[in-house]
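Naming: A, B, ... by sequence-line order, numbering from 1 per chain. FYI, side chains are in, hydrogens and waters are out, and symmetry mates aren't considered; it's all heavy atoms of this structure.
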Number of protein chains: 2
Amino acid sequence: MKKNAETANVHSFSEGEYTTAVLKAIENSVAKSRASLARHLGLSRTTTSTIVSGLINLNLLEEKSLLREGRGRPGILLDLDSSIWRAVGAEYHSGSWAFVETDLRGSILRTGSLKVAGRGPDAFLDCLAQGLAEFRRNVSGELLPAFGIGVPGLVDCDRGLIIRADDLGWRNVLVSEYVEKKLKSKALVINRNRGAGLAEARFGGGRGTHQIVYIGIGTGISAAFIVDGELIHGSSFSAGEIGHITMDKAGPLCACGKRGCLHVYSSGTAMARMAAALLSEGKESGLKNKKNQREPIDGEDVCLAARAGDRLALECLGEAARQLGLAIANIITIYNPDKVIIGGPIGSIDSPLIGYVRKEAERWAMPHAFDAVKIERAALGESVGALGGACLVLDRKLSLASVVRSK
Amino acid sequence: MKKNAETANVHSFSEGEYTTAVLKAIENSVAKSRASLARHLGLSRTTTSTIVSGLINLNLLEEKSLLREGRGRPGILLDLDSSIWRAVGAEYHSGSWAFVETDLRGSILRTGSLKVAGRGPDAFLDCLAQGLAEFRRNVSGELLPAFGIGVPGLVDCDRGLIIRADDLGWRNVLVSEYVEKKLKSKALVINRNRGAGLAEARFGGGRGTHQIVYIGIGTGISAAFIVDGELIHGSSFSAGEIGHITMDKAGPLCACGKRGCLHVYSSGTAMARMAAALLSEGKESGLKNKKNQREPIDGEDVCLAARAGDRLALECLGEAARQLGLAIANIITIYNPDKVIIGGPIGSIDSPLIGYVRKEAERWAMPHAFDAVKIERAALGESVGALGGACLVLDRKLSLASVVRSK
DNA sequence: GATATTTGTAAAGAAACTTGACAAAATGCA
DNA sequence: TGCATTTTGTCAAGTTTCTTTACAAATATC
């Protein structure tokens, strides 16, 4: 497809509609060879061949084995070329920056981290730029010239800034601007939880599904809604903020000033508070030891104890699941997703939580919608937030790779 | 754009990507003249001119006045041509079929209705086919060869059937198949409430917004989620069924078998039940007269009485709004829409309901999301459901018109 | 009234896609 | 085994779509 000179990118290789479609079809495994691509996209085999050649030249695709299926000459299996291009993503989490380097298929090749020295957005940004500069030095291939960055708080993805992060007390942190100035490379910013959801949708359990809901549980709770691989941002970038839906108008006071938010029942913070309260009532639990060590109990401790069978911890999880299950039930009824993925530092733990949630959701969701949904634990590991950042870069691999090669 | 012969539509006129884009740009008023279209779509003025000529030839666009803005030669204002093509939509509602004829801009030119004689899906379908056959005879222009049909219940839009309509006790009603056989014309089927939401999004208060939520309140409650003009169907076509989200696990029993559904608090049925209960307690109200007439009070009666200032009716509305407002607050927090449109037979009445809901929603929604949303009453009138059907036809005006003209 | 600016169209050329043909590589059947 | 059948991938030639360049028409500004 040709473009007007006023807005055109002048490259040796076309970035047309069909080129994107070919890449997507291969990514989603809906087509495997040139001929099946042609059938799937309604293009001639010839054109498909030309497009594929271009993508192979750009090292975005590679030919693999032969496809022996049915009779006739076997096709050549095509897949993303994982040998050349690299994406770098970052995520800020509990005082540190985590970095990942991935190939085009989203496989993590290398990780890194850097603890932020100091407080406030300046130290936060400074450490990010330093960490990225260091991390990109050791990239094992050709770097796609952009960084994807997962950060806490409400993010304006268009302008690349944190509108506000209430936990940290920050407002209007210009992340993209800072990184782009320091590193002379494009920076794409996303809420870290939404990024994790995107990563799960693309590379985790969400592969091949149309509508997924990712629910990230850590100290807080938030969600990501993904329709056909695209994140729903909302009109002011707050779609998915389920932590502050009201479960009970007369419930306990939440930090946000309202009462009975999901946050006060089912977040890691809530689990920890509940456990501490029960312990101070004198109930028996393996968590006592931890308490004696003067380090406060957190949500992860509770989940791990529950996994080990601790009765007090199980009680806390059950209580959290009662409200979380109801919230998920209502989301399933409202939104009718294919899949609900439970992740985040707490949600990823192989604890009884997901079983409780599933049972509760089944009880309250509309049966038709519940029958269509699978509720699963997140498939990806710890670096999923930074991987979410890398997703943003990988989404643009075609244009990024073209820019590099046209130089 | 050329298509492979295997899947191609052989027409005199191209239905390419850009042609669709030109139509959409004009519909959404993002561009007005050939030159502004060219800039907006990144095309040359020449190509844009060619595409526009084709659309004018097909009577989809027309030239209107000159655009005198700034200096230079004035452009020619383009708009949808409302003089030739007609779309027909239908909706089933309380025992009758309603029909509308619209022009390309969604203006209603003519309405009609037909009462269904008999019960059950056979009479329902028979009457639909009869009514459409009669209604299309008097179309005032050229008919786009498809019918858009809004029906109650859970609808499989791909296959054009009612999966189930619990209120009526029906299952697997093959609407498209029947209509297409009887009328030799394509039939597009949608849930009537979702259709109404689509109509409001396209032609009502939702014009120009990105994410809208339409909430239809009649005897039941359901919603439609529309992102960038496209309806979210969900994985099994039940996205938007908010009538059966659980507001209170210990609430009153709902017809669906669960407790405390939104339906039992805020539907028209619920309002009527509440009013009847208060009356039987001996409370004073203008609704008494109605009751004496041995015709049961319904939700509309309550809303109309409330509008007139009746205290008992106002109490019922306030009670309904308390739960509805909370539900909407949570939807706003979760989904962060630009606009929430309250419609349906009950929601469309200019009663105090919307004021109550707004107040309640403000109280419980996350402030950031609430600040970004407008809560409004539906702008379109009674025939909105059938207009929703017509929307489905108008969405395909390009290909439908091409098919007709290529004959 | 002259100049600058913008619009819409025409003719020629470039780019993208298709058609038809053919060699290559497999299967299926005699 | 051999031969017909099927399917893939590519080449050359042709068609369609879009762009570039050029120009007349219609307005605002000075």
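- Under the 3.5 Å distance criterion, the side-chain polar atoms of D338(B) are matched with a main-chain donor or acceptor of H210(B).
- From L60(A), atom CG reaches atom CG of L80(A) across 8.0 Å, with rounding to the nearest 0.5 Å.
- Side-chain contact between K186(A) and R396(A) is present, with heavy atoms from C-beta onward closer than 4.5 Å.
- Axis orientation changes by 20° from one end of the helix from dG1(C)-dC30(D) to dA30(C)-dT1(D) to the other, with each end axis drawn from 5 pairs and the value rounded to 10°.
- Between L41(B) and T48(B), the closest side-chain pair of non-hydrogen atoms is not below 4.5 Å.
- Rounded to a whole Å, the CG atom of L78(B) is 12 Å from the P atom of dT7(C).
- In this entry the distance linking CD of E17(A) with P of dC18(D) reads 11 Å, nearest Å.
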Between N or O atoms, less than 3.5 Å apart, protein on one side and nucleotides 27-30 of chain C on the other: list the pairs.
from: dG28(C); atom 1: O4'; to: R71(A); atom 2: NH1; distance (Å): 3.4

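- Residues F225(B) and V227(A) have side chains not in contact (no heavy-atom distance under 4.5 Å, counting atoms from C-beta outward).
- In this structure, E101(A) contributes its side chain and S140(A) its backbone to a donor-acceptor pair below 3.5 Å.
- OP1 or OP2 of dT19(D) lies within a sub-4.0 Å distance of a side-chain N or O belonging to S44(B).
- S83(B) and E62(B) are not linked by any side-chain donor-acceptor pair at a separation below 3.5 angstrom, with hydrogens and angles left out of the test.
- T20(B) places a side-chain N or O within donor-acceptor distance of the main-chain N or O of G16(B), the cut-off being under 3.5 Å.
- Side-chain contact between L61(B) and L23(B) is present, with heavy atoms from C-beta onward closer than 4.5 Å.
- Distance, L67(B) CG to dA26(D) P: 16 Å, rounded to whole Å.
- Side-chain N/O atoms of R39(A) include none lying less than 4.0 angstrom from OP1 or OP2 on dT7(D).
- The distance from the CD1 atom of I226(B) to the CD1 atom of I341(B) is 7.5 Å, given to the nearest 0.5 Å.
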Exercise for the section: Check the pair E27(B), K397(B) against salt bridge (charged side-chain N to carboxylate O under 4.0 Å, His left out), reporting the backbone distance first and the verdict last. Expected result: CA-CA 12 Å; E27(B) 279 180 79; K397(B) 54 184 167 296; 3.1 Å; yes

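- Put simply, CG on L61(A) is 16 Å from C1' on dG9(D), counting in whole angstrom units.
- Regarding I51(A), its CD1 atom lies at a distance of 9 Å from the C1' atom of dA16(C), rounded to whole Å.
- Atom NZ of K32(A) and atom C1' of dT7(D) are 17 Å apart (whole Å).
- Look at CD on E69(A): it is 18 Å from P on dT6(D), rounded to the nearest Å.
- The distance between atom CG of L66(A) and atom P of dT6(D), rounded to the nearest whole Å, is 22 Å.
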Protein N or O to nucleotides 8-12 of chain C N or O, pairs below 3.5 Å:
from: dG8(C); atom 1: OP1; to: I76(B); atom 2: N; distance (Å): 2.6
from: dG8(C); atom 1: OP2; to: R34(B); atom 2: N; distance (Å): 3.4
from: dG8(C); atom 1: OP2; to: A35(B); atom 2: N; distance (Å): 2.8
from: dG8(C); atom 1: O4'; to: R73(B); atom 2: NH2; distance (Å): 3.3
from: dG8(C); atom 1: N7; to: R45(B); atom 2: NE; distance (Å): 3.0
from: dG8(C); atom 1: N7; to: R45(B); atom 2: NH2; distance (Å): 3.3
from: dG8(C); atom 1: O6; to: R45(B); atom 2: NH2; distance (Å): 2.8
from: dT9(C); atom 1: OP2; to: R34(B); atom 2: NE; distance (Å): 3.2
from: dT9(C); atom 1: OP2; to: S49(B); atom 2: OG; distance (Å): 2.4
from: dA10(C); atom 1: N6; to: T46(B); atom 2: OG1; distance (Å): 3.1

